[in-house]
Q: 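Below you'll find the structure I mean.
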There are 2 protein chains.
Amino acid sequence: MNDSGRSTGSAAGSKRKDALRNQQTLLDAAAAVFVTSGVEAPVRDIATKAGVGTGTIYRHFPTRADLIIAVYRHQVEACAEAGPDLLTTSPTPHAALEQWVDLFVDFLVTKHGLAAALRTDSCGFETLHAYFLDRLLPVCTRLLDAAAASGEIRPGIDAYQLMRGIGNLCIGAENDPRYDARHLVALLVAGLRQPS
Amino acid sequence: MNDSGRSTGSAAGSKRKDALRNQQTLLDAAAAVFVTSGVEAPVRDIATKAGVGTGTIYRHFPTRADLIIAVYRHQVEACAEAGPDLLTTSPTPHAALEQWVDLFVDFLVTKHGLAAALRTDSCGFETLHAYFLDRLLPVCTRLLDAAAASGEIRPGIDAYQLMRGIGNLCIGAENDPRYDARHLVALLVAGLRQPS
DNA sequence: AAACGATACGGAACGCTGTTCCGCTTTGGC
DNA sequence: GCCAAAGCGGAACAGCGTTCCGTATCGTTT
């Protein structure tokens, strides 16, 4: 259960009690602020909400990406683990892919600005990008391979491009009632099908 | 030829000569800086490049959107005007749509950060968003309607969503060799086709 | 139990943004 | 040549991320 040795975020062992407590307080505060103000909320807001100084945030989470990852780690893990399951429980690989993509889109769309943050080129976010890729790309690849093997989709697209495309389509989806990211993603996945 | 009365940017008449000259200098400088640093380049950079003070920029272009619009107006107009032409010269409406989308994507992809700026919710960019919509949405609608009338595409998607989707897919396309926005957009447009 | 070194904390301070504002300069009609 | 009006420059302000260091707290050691 002890996840010491993680590269990002929260090593559990060998820390002072108050530090661990603060870390948890910070995670809770960040989660709350992310819901209301999005993942790009000012650092000071999160610090204030947690009742700590700004320096404390940076000690626990050197970059904003580390904080975001720590907050959403569980959900990303769940999404990653759902992939293989869907592959066994779905009638066809393409159906599994569709369902998994739905899961991913739901996750992105419900987190204000997460999709946008994933795309930001500005420094400090490559870690976030890398984490999502590390964790989800293998899953997506496997689903895509399975669908390709069963002849349901045409070749020529790799999982990286698909995931970036999906992520991009989810940008700004939460603020625009006229824009339905799920629909467009569904269209994109439909475009993957073998024409025959 | 005189576009006085435009809501955005540069009215030509009734200005002092030096002001007009500065406006042009500013446009040239902005165009140059946009190429190297993207459309989100610091205002001071543009001012320095043009050899003027920052106040001068804000007098001519109250918001950054106004400046961007002024710089790219010609190309947006060209894109808008190409729509009807393509409809008459292409074999099918869907082919016209494909070509027009290519045009639009090429435009977005070659301008650093333009697609991202179009999506930004932060204040000051709604004008940019609105300009693109005002100018290009009718064109896209007409192409879409023609394709729908000929039975080539399935209904259920409106031009607004399509354009937002295309814009989103173009975000970050210039900095990632592994990401091919054109390909994904093509896939999306392919997903529009009537399955039969 | 008291003292002490290590650890962590808070928030002031810095640098970089956009944006505004006002004293000074330039222009163009008289 | 003169003078109001128009325009200009850049200092000044505000909001952000990030760093840094004096101070407070913790856990261990005597």
Side-chain angles (χ1 to χ4, degrees), chain A residues 4 9-30 33-34 36-68 112-113 116-117 120-128, chain B residues 4 9-30 33-34 37-68 113 116-117 120-128:
Chain A
S4 64
S10 44
S14 72
K15 289 256 183 89
R16 255 165 56 173
K17 263 184 229 150
D18 58 342
L20 285 174
R21 182 162 28 86
N22 260 330
Q23 181 157 321
Q24 189 56 48
T25 306
L26 234 21
L27 278 177
D28 295 343
V33 173
F34 285 174
T36 58
S37 309
V39 295
E40 308 241 35
V43 176
R44 282 170 178 82
D45 288 1
I46 301 170
T48 301
K49 178 93 179 180
V52 304
T54 55
T56 303
I57 285 200
Y58 283 96
R59 189 163 323 96
H60 287 289
F61 307 100
T63 76
R64 183 185 225 85
D66 295 321
L67 182 54
I68 298 175
H112 287 186
T120 301
D121 311 318
S122 103
C123 54
F125 280 89
E126 319 83 18
T127 314
L128 186 61
Chain B
S4 64
S10 42
S14 71
K15 289 259 184 90
R16 257 166 54 174
K17 261 184 230 150
D18 57 342
L20 285 175
R21 181 162 28 85
N22 260 330
Q23 182 157 323
Q24 189 56 49
T25 307
L26 234 21
L27 278 177
D28 295 342
V33 172
F34 285 174
S37 308
V39 296
E40 308 240 35
V43 176
R44 281 168 178 82
D45 287 2
I46 301 170
T48 303
K49 179 94 178 179
V52 305
T54 55
T56 304
I57 285 199
Y58 283 95
R59 188 163 322 95
H60 287 290
F61 306 100
T63 76
R64 184 184 226 85
D66 295 321
L67 182 54
I68 298 176
T120 300
D121 311 316
S122 100
C123 54
F125 279 88
E126 319 83 19
T127 314
L128 185 61

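Here the structure is a predicted model, which is why all the values come from computation and not from measurement. In what follows, every chain begins at residue 1, and chains take the letters A, B, ... in the order their sequences are listed.
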Q: Grab the two heavy atoms, one from B:Ala117 and one from B:Leu128, that are nearest each other, plus how far apart they are.
A: CB-CD2, 4.2 Å
Q: First locate atom NZ of B:Lys15, then atom CD of B:Gln23, and finally report the distance between them rounded to the nearest 0.5 Å.
A: 5.0 Å
Q: For A:Asp45 and A:Thr56, find the nucleotide of DNA chain D closest to each by heavy atoms; which residue's nucleotide sits nearer the 5' end?
A: A:Asp45
Q: Which residues satisfy the side chain to side chain contact (heavy atoms under 4.5 Å, CB included) test with B:Ala50, sequence neighbours excluded?
A: B:Thr25, B:Leu26, B:Ala29, B:Val52
Q: In Å and rounded to the nearest 0.5 Å, what is the CD1 to CZ distance from B:Ile68 to B:Phe125?
A: 4.5 Å
Q: Is any side-chain heavy atom of B:Thr56 less than 4.5 Å from a side-chain heavy atom of B:Phe61?
A: no
Q: Measuring from A:Asp45:CG to A:Thr36:OG1, what's the distance to the nearest 0.5 Å?
A: 8.5 Å
Q: Check the distance between C:dG18's P and B:Asp66's CG and give it to me in whole angstrom.
A: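 It works out to 15 Å between those atoms.
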Q: What is the separation between atom CZ on A:Arg44 and atom C1' on C:dA13, rounded to the nearest whole Å?
A: 10 Å
Q: To the nearest 10 degrees, what angle separates the axes at the start and end of the helix from C:dA1-D:dT30 to C:dC30-D:dG1, five pairs each?
A: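 Answer for the end axes of this duplex: 20°.
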Q: If you take all heavy atoms of A:Val43 and A:Tyr58, which pair is closest and at what distance?
A: CG2-OH, 3.6 Å
Q: Rounded to whole Å, please give me the gap between CZ in B:Phe61 and C1' in C:dT19.
A: 17 Å
Q: What is the separation between atom NZ on A:Lys15 and atom P on C:dT7, rounded to the nearest whole Å?
A: 12 Å
Q: What are the 5'-most and 3'-most nucleotides of DNA chain D lying under 4.0 Å from any heavy atom of chain B?
A: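 So the outermost contacting nucleotides come out as D:dA5 to D:dA12.
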Q: From CG of A:Asp18 over to C1' of C:dC9, roughly how many Å is that when rounded to an integer?
A: 8 Å
Q: How many whole angstroms separate atom CD1 of A:Ile57 from atom P of C:dA8?
A: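 So the CD1-P distance, A:Ile57 to C:dA8, works out to 16 Å.
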Q: My understanding is that only residues two or more places apart in sequence, or in another chain, count here; which of them pass salt bridge (Lys or Arg N to Asp or Glu O under 4.0 Å) with B:Asp18?
A: B:Arg16
Q: Specify the separation, in whole Å, of atom CG of B:Leu67 and atom C1' of C:dG18.
A: 14 Å
Q: Does a side-chain N or O from A:Asn22 land closer than 4.0 Å to OP1 or OP2 of C:dA8, or not?
A: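 Negative; the distance criterion is not met.
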Q: On DNA chain C, does the nearest nucleotide to B:Arg21 precede the nearest nucleotide to A:Val52 from the 5' side, or the other way round? Give the residue.
A: A:Val52
Q: Using whole Å, report how far CD of A:Gln23 lies from C1' of C:dC9.
A: 14 Å
Q: Name all residues meeting the side chain to side chain contact (heavy atoms under 4.5 Å, CB included) criterion together with B:Ala30; count only those two or more places apart in sequence or in a different chain, and write none if there are none.
A: B:Phe34, B:Ile46, B:Leu67, B:Val71
Q: How long is the straight-line distance from CD of A:Gln24 back to NE2 of A:His60, given to the nearest 0.5 Å?
A: 11.0 Å
Q: At their closest point, which heavy atom of A:Thr54 faces which heavy atom of A:Arg44, and how far apart are they?
A: CG2-CG, 3.8 Å
Q: Using a 4.0 Å heavy-atom cut-off to protein, can you give one letter per nucleotide of nucleotides 20-25 of chain C, 5' to 3': B if the base is in contact, S if only the sugar-phosphate is, - if neither?
A: BB----
